[in-house]
Protein chains: 2
Amino acid sequence: MIKIGILGYGNLGRGVESAVTLSDDMEIAGVFTRREPETVETQTDVPVFKVDDLYDMKDEIDVLILCGGSANDLPTQTPEFAKYFNVIDSFDTHAKIPEHFENVNNACLEGEKIGIISVGWDPGLFSVNRLYAQAILPKGNDYTFWGKGVSQGHSDAVRRIDGVYDARQYTVPVESALESVRAGENPELTTRQKHTRECFVVAEEGADLAKIEEEIVTMPNYFDEYDTTVNFISQEELDAEHSGIPHGGIVLRSGSTGLNDENKHIIEYKLTLDSNPQFTSSVLIAYARAAYRLYQDGVVGCKTVFDIAPGLLHPETPEYQRKNLL
Amino acid sequence: MIKIGILGYGNLGRGVESAVTLSDDMEIAGVFTRREPETVETQTDVPVFKVDDLYDMKDEIDVLILCGGSANDLPTQTPEFAKYFNVIDSFDTHAKIPEHFENVNNACLEGEKIGIISVGWDPGLFSVNRLYAQAILPKGNDYTFWGKGVSQGHSDAVRRIDGVYDARQYTVPVESALESVRAGENPELTTRQKHTRECFVVAEEGADLAKIEEEIVTMPNYFDEYDTTVNFISQEELDAEHSGIPHGGIVLRSGSTGLNDENKHIIEYKLTLDSNPQFTSSVLIAYARAAYRLYQDGVVGCKTVFDIAPGLLHPETPEYQRKNLL
């Protein structure tokens, strides 16, 4: 059995806990939290420890999955714990991946451990699909659409506006843009042409709704480059209709082959997810399996999804995979 | 530069030749054929040799791509040449893959070469996607739809019928079945419910059309389990409208996560290809790049797409990939 440690017990940590129940070759050694362990109740009676207890449990954990945030937790946590554990994280600040990779790689080499960073679906499965598609169709264009799904960052930005009590923001791909790509038209698409943004807002009593709407749609970086719709609803409706965390998206490559580019090909990869954190967690534990296997083979250092052969992710043997999946 | 040899110069071999023109890190050392070399004219002035000349050109070829058929060529050719060359093939007789793997592996170990078998899109990219999706969503159902596309085997079967002069057969996924899968309904689908078959037939003058149609739709293994439509057309129309070799298909996994299976997820991978052989060739050369790199690192033995880390397929460095694709 592969013994998994979970560091951080938010949506992602809870997702890892539930995902492990679907994998016969894994079990959870413990949840590690900065909160008082007594105050944390797990879903499956997994024991809860303080973060500092990790250092005494090195022999009881095969792979530590870091379930914190990319802004404040992972940049320090992953390098710190990669000195003592095989680690997996979902670091998703694209621009800082090279720097994070270096830091984690140095820690892994120091501790002779393996780390796999930026695991999830974007970065993660979407990245893998961008890479496969580019490698196979060197001549072509890439497109990534996100949604329909909840953007936590945009929801938070709306909630910070004066007079807003609660809010949920959906990113929605523009269907006509998607159809143009699928038709092989290779459109050049502006930010506005690719996605729209849909906000459901609970305003405080007496708030100036027109002013809130204006503040949302003109907000730099978050909304000003998009066509945004704002719907004011009650807290009850928000809770009833918008409490899930769905997400997903589509990666496409539209390419051509032939000496005169005479043949067009479209590669499309699409995810439709009821729960973004639960799906991400499911990806994390598949890569935890790969980390465990590689470590058994003596591999150390920092890796990404690009370095991991697909067969390492699947619980069955290579013989089974060739016979049943190839 | 990676020096590629092409064994066999049909649609696939010609596809490899044209695909290599799109890859800056590769060049073709030669085409090898059982025909008289003087009778073979290549598309890009690549030199043509007899198959037996291969044995004298071991130092001039980094990877030999075998472009013959799975029924008669590859079962003997791949093990034979894996003793002397790094090889790639597109062996696609699913039931015989384990046996072929053993034979190629023994040859590779004897010659200290690397071989990657069953490369293409099914087996190949579809297999990889089935594996990723199963590894990530252990609880769920797999679906593979093929088409719309030309089935060479079914077209040949129709052409063998008395009174048929020429024919083209398309495999077509049933849209309602596909929509049910995409909606997460997890349908159980019979062969008939998944695909229909569409035949375009040129009959000989005076042939009994009703008899031909009856023979097609009742043909065991090929058509009897499907709803098949037969259209009689002229040779001119067949040549004008049905001379391409399009294909493609869709791999889906519909799975659930959560302690009570409360969240549903759909992973969909879709290929829409103008030219089946040109796309397959493009996959072959990406895996030839991986074979070359692994061989440089001292790896020998038989591999499949499951053993190849995605990053090895892409021409750029790991640093570039992490910075730009992750």
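Keep in mind that what you see is a predicted model, and the values were worked out from it rather than measured. Sequence lines set the chain letters: A, B, ... in the order given, protein chains first and strands last, and positions in each chain run from 1. Every heavy atom of this structure was used, including side-chain atoms; hydrogens, water molecules and symmetry mates were not.
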At a heavy-atom separation under 4.5 Å, does [X] approach chain B through its side chain, its backbone, both, or neither?
{"X": "Leu125(A)", "value": "side chain"}
{"X": "Glu319(A)", "value": "neither"}
{"X": "Asp122(A)", "value": "side chain"}
{"X": "Ser256(A)", "value": "backbone"}
{"X": "Val305(A)", "value": "both"}
{"X": "Thr304(A)", "value": "side chain"}
{"X": "Phe126(A)", "value": "neither"}

- Sequence neighbours left out, what passes side-chain contact (heavy atoms from CB on, under 4.5 Å) with His314(B)? Give chain and number order.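 Once residues adjacent in sequence are excluded, the partners of His314(B) under the side-chain contact (heavy atoms from CB on, under 4.5 Å) criterion are Leu131(A), Gln134(A), Ala135(A), Glu316(B), Tyr320(B), Gln321(B), Leu325(B).
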
Quick one: what part of [X] sits under 4.5 Å from any heavy atom of chain A, side chain, backbone, both or neither?
{"X": "Ile250(B)", "answer": "neither"}
{"X": "Val128(B)", "answer": "side chain"}
{"X": "Leu137(B)", "answer": "side chain"}
{"X": "Thr21(B)", "answer": "side chain"}

- Side chain of Asp274(A), backbone of Lys264(B): donor and acceptor closer than 3.5 Å?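 Looks like yes, one N/O pair under 3.5 Å.
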
- Task: Taking all heavy atoms of Asn129(A) and all of Tyr269(B), pick out the closest pair and write down the distance.
- Result: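 For Asn129(A) and Tyr269(B), the tightest heavy-atom pair comes out as OD1-CE1, 3.7 Å.
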
- Which heavy atom of Ala309(B) sits nearest a heavy atom of Phe306(A), and at what distance?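 Looking at all heavy atoms of both residues, the shortest contact is CB-O, 3.5 Å.
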
- Query: For the candidates Pro310(B), Ser127(B), Gly255(B), Ser282(B), which exhibits the highest count of non-hydrogen atom pairs separated by less than 4.5 Å from chain A?
  - Reply: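 Greatest number of close heavy-atom pairs with chain A: Pro310(B).
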
- Query: According to the interplanar angle, ranging from 0 to 90°, do the rings of His265(A) and Phe279(B) count as parallel (below 30°), tilted (30 to 60°) or perpendicular (above 60°)?
  - Reply: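 It falls in the tilted class, 30° to 60°.
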
Are there over 12 heavy-atom neighbours, none belonging to [X], within less than 6.0 Å of that residue's [atom1]?
{"X": "Asp24(B)", "atom1": "CG", "value": "no"}
{"X": "Gln296(B)", "atom1": "CD", "value": "yes"}
{"X": "Glu41(B)", "atom1": "CD", "value": "no"}

Looking at chain B, which one of [options] has the largest number of heavy-atom pairs inside 4.5 Å, strictly under?
{"options": "Pro246(A), Gly15(A), Ser18(A), Ser275(A)", "value": "Ser275(A)"}
{"options": "Ala286(A), Ser118(A), Pro98(A), Gly258(A)", "value": "Gly258(A)"}
{"options": "Ile97(A), Val283(A), Leu252(A), Thr272(A)", "value": "Thr272(A)"}

- Task: Evaluate the side chain to side chain contact (heavy atoms under 4.5 Å, CB included) criterion for residues Arg182(A) and Lys270(B): first the C-alpha distance (whole Å), next the side-chain angles of each, then the deciding distance (0.1 Å), finally the verdict.
- Result: CA-CA 11 Å; Arg182(A) 284 179 175 145; Lys270(B) 182 177 182 184; 5.7 Å; no

Hey, does [Y] have a side-chain heavy atom less than 4.5 Å from the side chain of [X]?
{"X": "Ile136(A)", "Y": "Leu313(B)", "answer": "no"}
{"X": "Leu271(A)", "Y": "Ile266(B)", "answer": "no"}
{"X": "Ser23(A)", "Y": "Pro138(B)", "answer": "yes"}

- Query: So Phe101(B) and Leu326(A), side chain to side chain contact (heavy atoms under 4.5 Å, CB included) or not? Walk me through it.
  - Reply: CA-CA 11 Å; Phe101(B) 180 90; Leu326(A) 197 60; over 6 Å; no

- Task: Give me the contact list for residues 142-149 of chain B versus chain A, heavy atoms only, anything under 4.5 Å, ordered by residue number.
- Result: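 Contacts with chain A: none.
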
- Query: Could you give the distance from CZ (Arg322(B)) to SG (Cys302(A)), rounded to the nearest 0.5 Å?
  - Reply: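 Answer for the CZ-SG pair, Arg322(B) versus Cys302(A), is 7.5 Å.
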
